Peer 1: 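Here's a structure for you.
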Amino acid sequence: MDKIVYTHGNIIGQDGNNMALDYCCKVDDENLKKLKSKYQVEEVPGDIIFTKDNSSKPYVIYCAKNGLSCKGKHVLYCTLRPKYSYEKYKEDIKKIENLYKNKIECFEDVELINKLLYLGVFAAYECYIIDILTGMILGDQKNLNSFVTDNKIVVINEQERWSDACLKIRELPQANAKQICKIFEKYAGLFISENIFSPLKIFYKHRNNIAHRGGYAKDYAISYKSIEISDLTNLIDTCNKIVEYINSEISKLGIDYDIFK
């Protein structure tokens, strides 16, 4: 973390890339005093407004005495803290569980809804993996420099460097356990065995059949996979175990950027 920027007003996101480590709101005078005793704090009298020409700065935590708001393309959701990635995954899975537990009887085509929820579980899981890797790489200048060099990213300016690195991270094949493990080890110093991801292989096979062939295998004639509630719960349990394991390993690294600890 380079520093903390504190506004006595609001933080407003309108446009531009989100490059900050974190955003905090409702930081009162007492907490500001605590921050000043521990960190370098730059105070801003009025609102902080992020635009295309005035994006958030890398490795900075922004704090506001009042609130946060998004009025355009700039999203004040920061993926650089592992805590956020984990909480977002849990929230997404909870929404999926609520659908099949409480509301699925209102749909006529239950099998179709089961397929969509099945794909939704993978979306939540893969988003978690990419968000975590984004935090590991972009959250540390050394890791980002290595990633930029390894991927031959042409550096025009800091904002473009972050944008191009984000795009490269999002192009990573989440289903390729071997490559994902290598990236965790190289850029996070985190050794994760490929065996952790092995139980997902059969689920990925079904996912691909659903997404590309409506549930049929490649031969179309031999096999068709319908998705039952038990398939959903088994997939969720498998993803949860992987996410919980990764989250526990990351927590051992002490990477959180929590300035109020």
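We're numbering straight along the sequence, starting at 1. Everything quoted here is computed from the prediction, not taken from an experiment.
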Peer 1: With F203, which residues qualify under ring-ring contact (aromatic ring centres under 6.0 Å, His included), at least two apart?
Peer 2: none

Peer 1: Restricting to salt bridge (charged side-chain N to carboxylate O under 4.0 Å, His left out), what partner residues turn up for E87, sequence neighbours left out?
Peer 2: none

Peer 1: Any salt bridge linking K65 with E43? Criterion: basic side-chain nitrogen under 4.0 Å from a carboxylate oxygen.
Peer 2: no

Peer 1: Determine, step by step, whether T134 and R170 satisfy the side-chain contact (heavy atoms from CB on, under 4.5 Å) criterion, reporting the C-alpha distance in whole Å, the side-chain angles of both residues, the deciding distance to 0.1 Å, and the verdict.
Peer 2: CA-CA 8 Å; T134 300; R170 277 155 176 71; 3.3 Å; yes

Peer 1: Rounded to the nearest 0.5 Å, how far apart are NZ of K26 and SG of C63?
Peer 2: 13.5 Å

Peer 1: Does the side chain of Y86 pick up a donor-acceptor pair with the side chain of D131 at under 3.5 Å?
Peer 2: no

Peer 1: Check the pair Q141, N143 against side-chain contact (heavy atoms from CB on, under 4.5 Å), reporting the backbone distance first and the verdict last.
Peer 2: CA-CA 5 Å; Q141 294 189 49; N143 289 342; over 6 Å; no

Peer 1: List in chain and number order the residues that pass ring-ring contact (aromatic ring centres under 6.0 Å, His included) with F184, two or more places apart in sequence or in another chain; answer none if no residue qualifies.
Peer 2: none

Peer 1: For the residue pair V121 and L232, what are the closest heavy atoms and their distance?
Peer 2: CG2-CD2, 4.3 Å

Peer 1: Evaluate D150 against K186 for side-chain contact (heavy atoms from CB on, under 4.5 Å), listing each step before the verdict.
Peer 2: CA-CA 11 Å; D150 294 343; K186 181 167 187 177; 2.7 Å; yes

Peer 1: Compare all side-chain heavy atoms of N54 with those of I49 and state whether any distance is below 4.5 angstrom.
Peer 2: no

Peer 1: Using every non-hydrogen atom in the two residues, find where Y62 and I11 come nearest and quote the distance to one decimal.
Peer 2: CB-CD1, 3.7 Å

Peer 1: For ring pair (Phe, Tyr, Trp, His ring centres under 6.0 Å), just list the numbers for F197 and Y204, CA-CA rounded to whole Å, side-chain angles, deciding distance to a tenth of an Å, and then say yes or no.
Peer 2: CA-CA 11 Å; F197 301 95; Y204 263 113; 9.5 Å; no

Peer 1: To the nearest 0.5 Å, what is the distance between CD1 (I48) and CD1 (I12)?
Peer 2: 10.0 Å

Peer 1: Pair I113, Y100 - check side-chain contact (heavy atoms from CB on, under 4.5 Å), show working.
Peer 2: CA-CA 9 Å; I113 299 303; Y100 77 73; over 6 Å; no

Peer 1: With rounding to the nearest 0.5 angstrom, report the CD1 to CD1 distance, I169 to I132.
Peer 2: 12.0 Å

Peer 1: Can you find a heavy atom in the side chain of I246 that is under 4.5 Å from one in the side chain of Y128?
Peer 2: yes

Peer 1: Please list every donor-acceptor pair under 3.5 Å in which a side-chain atom of residues 174-182 meets a protein atom from a residue at least two apart or in another chain.
Peer 2:
{"unit_1": "N176", "atom_1": "OD1", "unit_2": "K178", "atom_2": "N", "d": "3.3"}
{"unit_1": "N176", "atom_1": "OD1", "unit_2": "Q179", "atom_2": "N", "d": "3.1"}

Peer 1: Taking ring-ring contact (aromatic ring centres under 6.0 Å, His included) as the definition, give me every residue that meets it alongside Y125, ordered by chain and number, with sequence neighbours left out.
Peer 2: none

Peer 1: When rounded to the nearest 0.5 angstrom, what is the spacing between SG in C24 and OH in Y6?
Peer 2: 11.0 Å

Peer 1: Give a yes or no on whether M136 and L167 share a hydrophobic cluster (residues Ile, Leu, Val, Met, Phe, Trp, Tyr; joining criterion: side-chain heavy atoms under 4.5 Å apart).
Peer 2: no

Peer 1: Where do D47 and T7 come nearest, in terms of heavy atoms and distance?
Peer 2: CA-OG1, 4.0 Å

Peer 1: Can you tell me how far CG of L133 sits from NZ of K168, rounded to the nearest 0.5 angstrom?
Peer 2: 15.0 Å

Peer 1: Evaluate the side-chain proximity of L190 to K252: yes if any heavy-atom separation is below 4.5 Å, no if none is.
Peer 2: no

Peer 1: For a 4.5 angstrom cut-off between non-hydrogen side-chain atoms, does V41 reach L32?
Peer 2: yes

Peer 1: Of all the heavy-atom pairs spanning D92 and A124, show the shortest one and how long it is.
Peer 2: CB-CB, 3.8 Å

Peer 1: Decide yes or no for L200 and L235: does some side-chain heavy atom of the first lie under 4.5 Å from some side-chain heavy atom of the second?
Peer 2: yes

Peer 1: For a 4.5 angstrom cut-off between non-hydrogen side-chain atoms, does Y187 reach L144?
Peer 2: no

Peer 1: Per the side chain to side chain donor-acceptor pair (under 3.5 Å) rule, what does the pair list look like for residues 233-243, sequence neighbours excluded?
Peer 2: Y89-N240

Peer 1: Within this structure, what is the CZ-NZ distance for the pair R207 and K115, rounded to the nearest 0.5 Å?
Peer 2: 15.0 Å

Peer 1: Just wondering, do I236 and E97 contact through their side chains at under 4.5 Å, heavy atoms?
Peer 2: yes

Peer 1: Run the salt-bridge test on E244 and K90 with the 4.0 Å N-O cut-off and return the result as yes or no.
Peer 2: yes

Peer 1: Would a distance-only check, ignoring hydrogens and angles, find a side-chain to backbone donor-acceptor pair under 3.5 Å from N31 to V27?
Peer 2: no

Peer 1: Has N10 got a side-chain atom pairing as donor or acceptor with N66's backbone, closer than 3.5 angstrom?
Peer 2: no

Peer 1: Indicate the atoms forming the closest heavy-atom contact of L138 with A165, along with that distance.
Peer 2: CD2-CB, 3.9 Å

Peer 1: Just so I know, are the side chains of K94 and I96 near enough to count as touching, which here means a heavy-atom distance under 4.5 Å?
Peer 2: no

Peer 1: Please find the pair of heavy atoms, one from Y118 and one from D231, that lie closest to each other, and give the distance.
Peer 2: CE1-O, 4.0 Å

